[in-house]
Engineer: 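Got a structure here, written out as structure tokens. Questions coming.
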Amino acid sequence: MNAPYDGDRGQGAGGAGSSSGPPVPPGSGQGGGVPDPYLQHAYDHDPYRSQDLVAQDPVAEALYDRASHPPPPPGTYQEPQALYQQPPAAQYPPDPRLWAQTPPPEPAGPSRHLPYGDDAATQYVGVDDLVTRASDSPAEPDAFAHLFRDQEASGRPPAPPAEPEAAPAPTPPKSGGRASGILKSSALMAAGTLVSRLTGFVRSLVITAALGAALLGDSFTIAYTLPTMIYILTVGGGLNSVFVPQLVRSMKDDADGGEAYANRLLTLVMVTLGAIVALAVFASPWLIHMMSPTIANDAAANSVAVTFARYCLPTIFFMGVHVVMGQILNARGRFGAMMWTPVLNNIVMIVTFGLFIWVYGSSAESRMGVETIPPEGVRLLGIGTLLGLVVQALAMIPYLREAGFRFRPRFDWKGHGLGKTFRLAKWTVLFVLANQAGVIVVTQLATSAGKLSGKDGTGFLAYSNAQLIWGMPQAIITVSVMAALLPRISRAAHDNDPGAVRDDISQGLRNSAVAIVPVAFTFLALGLPMCTLLYASSGTEAARSMGFILMAFGLGLIPYSVQYVVLRGFYAYEDTRTPFYNTVIVAAVNAAVSALFYVVLPARWAVIGMAAAYGLAYAVGVGVAWRRLRNRLGGDLDGARVIRTYARLCLAAVPAAVIGGAVGFALLEVLGEGAGGSVVALVCGSMVLLGVFYVAARKVRIEELNGMVGMVRGRLGR
């Protein structure tokens, strides 16, 4: 009976003493029995024995080398803790009444950062904020970062006690990830493109007011568009589509970050464009004849057009330099400069034509034509047009310097990948050649129809003005979104990730459709009051004709935008042959249907039919390009989701266009087609159209529209 009792008592004593007293040394006379509590607690007063284990063994005392193992300095040992006891109470215990309470403050010093980089601040968000951030994908934390910090700090001496630091600054908000970056880049580019397009639109208004919508206006418009056509036919197509992936690859693979490749490319483009400008200026009479035999056969109109062309053709050089510089900046993630610098060109041209109107008066006042325009006026307009492109190109230089790029001419073109680039660009040149062939056919037919009809607003200038308005949403929305997405799509294609390419293209299609579809139906419903307001200075008859042309363009904006996005997928894979064949189909359909309308319709309505043919041709091209890209990406292009989005948007836009268009036409009939009546009809019709569209779109639950509305409301703090 004594053994169990003694064991219990000894175990309890030993448990108490095991934490503060030394273990019983061998040979203490216990003989393997229960340790004597009195002997065990006899050395509790000596704290050194609890720290120096060797000193606790009398036999090993002689072998203990205190020189190699010096004892710790007095006052540095820690009181040993009992083996079994309750853990100390937490200083900041959780409160069960709070579901998301503020965590306790972290200790100062190297350990103040949490292992995974978490943000210790608690943020309370509402429903709008959750909707705003629904599409954000935050960067994944590095789960092994704390191991690296521990290893890095293991070999360092202990740091001295830090001074009490002030409260840490609030943690800046984290980036929204991939989608947020795209939205920011797209927003910057969309803002620049919006201002550029708006100033370009003002430029077209001033040109129409100065030269009118008759033969003189057509002559200048052909001379002004001729440099752009030649530039695109020669190097522009390759620069716009092929060289961005090549610049991205050179930045990724080359040791110098692609700077040498960019210098070689810029030098080669400058030399090539200089030669092209010299040949084009010499051949300007033949070029005018190719663009419009109707103008070439009129002596006065041909003289004016050739003179304008010789002033405008040198802009090819500055146009190409501007594009190359912009693509270099785009490859380095700087998207704004290329979209903002064209504003300078538009401002210079607006001032130039404004001076022309100030000196000679508007077209409605002077009734100036190709026979009566003075040579000084032609010289003023030509120099101003050339100066605008010069300023636009030179304005890119500060942006390049800010991005760290310095231009140094390099003529060592051979053996540095430029041959592959130009082999790829070969198909792009054929692509734009087929496209411009269709444009030339339409230009010839439009100028001929305008002269045959004998009415203002039925020629090529009216077609160009309506197309300029029609293309603004495409340039502001779709081009901006895809310009930000194209470098990322190129990287995904280079990494052989078709899923990422598909997702980016699907995202570009759906995000742009939210604005493209209602705008297309707005052009169809309210194109007439829109043009009677904007082009009132050219006369009511010309403004009405341009309004009908804009209405005919209207719905073609949808396939035109889809075609642009889908072709970016082929360019990401450096496949320029497929876009060429696709464009041949589009250009052939456009030219054939335009010629059919020119023959079938009266001259007054022929250009309106050509505008409708433009959208029909792109609808055919979308069907061909979609199937080819879907096969390229393994049979999946997220078609069901994309088609569902477009179908729902069209379903919401149809009743909106019917009601809004009826309101606009009714007000235009009651108030007249002057500036006042056009403003009221356009404003009221647009408000009704957008209101009906928004209500209908919410009813059919368009996901992208709800996300955009939530983002806007979140930014406004509502």
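These numbers were taken from a predicted model, which means no experiment stands behind them.
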Engineer: Will you find, in the side chains of Y564 and S512, an N or O donor that is under 3.5 Å from an N or O acceptor?
Structural biologist: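 There is no such pair (donor and acceptor under 3.5 Å, judged by atom type) between the side chains of Y564 and S512.
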Engineer: Determine whether L637 and V642 make a side-chain contact, defined as any pair of heavy atoms from C-beta on separated by less than 4.5 Å.
Structural biologist: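 They are not in contact (no side-chain heavy atoms under 4.5 Å apart), so the answer is no.
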Engineer: Flag the pair V390 / F318 as yes when at least one side-chain heavy-atom distance between them is below 4.5 Å, and no otherwise.
Structural biologist: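 Yes; the side chains approach each other to less than 4.5 Å.
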Engineer: Could you tell me the separation between the CG atom of L226 and the OG1 atom of T221, rounded to the nearest 0.5 Å?
Structural biologist: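 If I round to the nearest 0.5 Å, the distance is 12.0 Å.
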Engineer: Can you name the nearest heavy-atom pair linking L526 to G661, along with the distance?
Structural biologist: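 Scanning both residues completely, I find the closest heavy atoms to be CD2-CA, 4.2 Å.
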Engineer: For the residue pair V519 and M472, establish whether any side-chain heavy-atom pair is separated by less than 4.5 Å.
Structural biologist: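 Side chain of V519 against side chain of M472, heavy atoms only: no contact under 4.5 Å found.
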Engineer: So which atom in A613 and which in V593 form the shortest heavy-atom distance, rounded to 0.1 Å?
Structural biologist: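 Minimum heavy-atom contact is CB-CG1, 3.4 Å.
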Engineer: Check whether Y560 reaches the backbone of Y614 with its side chain - one donor and one acceptor, N or O, closer than 3.5 Å.
Structural biologist: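 Flag not set: sc Y560 to bb Y614 has no pair under 3.5 Å.
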Engineer: Give me the atom names and distance for the closest heavy-atom approach of V306 to P285.
Structural biologist: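 Residues V306 and P285, closest heavy atoms: CG2-CA, 4.0 Å.
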Engineer: Could you check if a side-chain atom of F521 sits within less than 4.5 angstrom of a side-chain atom of C650, using non-hydrogen atoms only?
Structural biologist: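 Yes, their side chains come closer than 4.5 Å.
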Engineer: So, for Q444 and M291, which heavy atoms are closest and what is the spacing to 0.1 Å?
Structural biologist: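 Closest approach of Q444 to M291: CG-O, 3.1 Å.
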Engineer: Can you name the closest pair of heavy atoms from G361 and S366 and give their distance?
Structural biologist: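 Looking at all heavy atoms of both residues, the shortest contact is O-OG, 4.2 Å.
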Engineer: With a cut-off of under 6.0 Å to the ring centre and 45° to the axis, is R628 in cation-pi contact with F570?
Structural biologist: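 That pair does not qualify as a cation-pi contact.
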Engineer: Check whether more than 12 heavy atoms from other residues, nucleotides or ligands sit under 6.0 Å from atom CD of E669, and answer yes or no.
Structural biologist: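 No, because the 6.0 Å sphere around CD of E669 holds 12 heavy atoms or fewer from other groups.
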Engineer: Nearest 0.5 angstrom please: L273 CG to M319 CE, how far?
Structural biologist: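 Output value for this atom pair is 9.5 Å.
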Engineer: Considering only heavy atoms from C-beta outward, does the side chain of L287 approach that of I230 to under 4.5 Å?
Structural biologist: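 They are in side-chain contact.
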Engineer: Which atom names give the shortest non-hydrogen contact between L682 and P529, and what distance separates them?
Structural biologist: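 It is N-CB, 4.3 Å.
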Engineer: Is any side-chain heavy atom of M270 closer than 4.5 Å to one of V321?
Structural biologist: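 Yes - at least one pair of side-chain heavy atoms lies under 4.5 Å apart.
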Engineer: When you compare the side chain of S284 with that of F308, does any pair of heavy atoms fall below 4.5 Å?
Structural biologist: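 No - every pair of side-chain heavy atoms lies 4.5 Å or more apart.
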Engineer: Atom CG of L452 and atom OG1 of T294: how far apart are they, to the nearest 0.5 Å?
Structural biologist: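 If I round to the nearest 0.5 Å, the distance is 7.5 Å.
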Engineer: Would you indicate whether the side-chain heavy atoms of I469 and N465 approach each other to under 4.5 Å?
Structural biologist: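 A side-chain contact under 4.5 Å is absent here.
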Engineer: Between Y360 and F356, how do the two ring planes meet: parallel, tilted or perpendicular, split at 30° and 60°?
Structural biologist: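 Ring orientation of Y360 relative to F356: tilted.
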Engineer: To the closest 0.5 Å, what do you measure between CD (Q474) and CD (Q467)?
Structural biologist: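 Here the interatomic distance stands at 11.5 Å.
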Engineer: Rounded to the nearest 0.5 Å, how far does OG1 of T385 lie from CG of N345?
Structural biologist: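 Here the interatomic distance stands at 8.5 Å.
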Engineer: Any salt bridge (Lys or Arg N to Asp or Glu O under 4.0 Å) pairs touching residues 205-220, not counting sequence neighbours?
Structural biologist: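 Matches after skipping sequence neighbours: none remain.
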Engineer: For the atom pair OH (Y224) and CG (L211), what is the distance rounded to the nearest 0.5 Å?
Structural biologist: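 These two atoms lie 12.5 Å from each other.
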Engineer: Here's a test for you: under ring pair (Phe, Tyr, Trp, His ring centres under 6.0 Å), which of F553, Y463, Y618, F201 qualifies with W470?
Structural biologist: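 Of the listed options, the one satisfying the test is F553.
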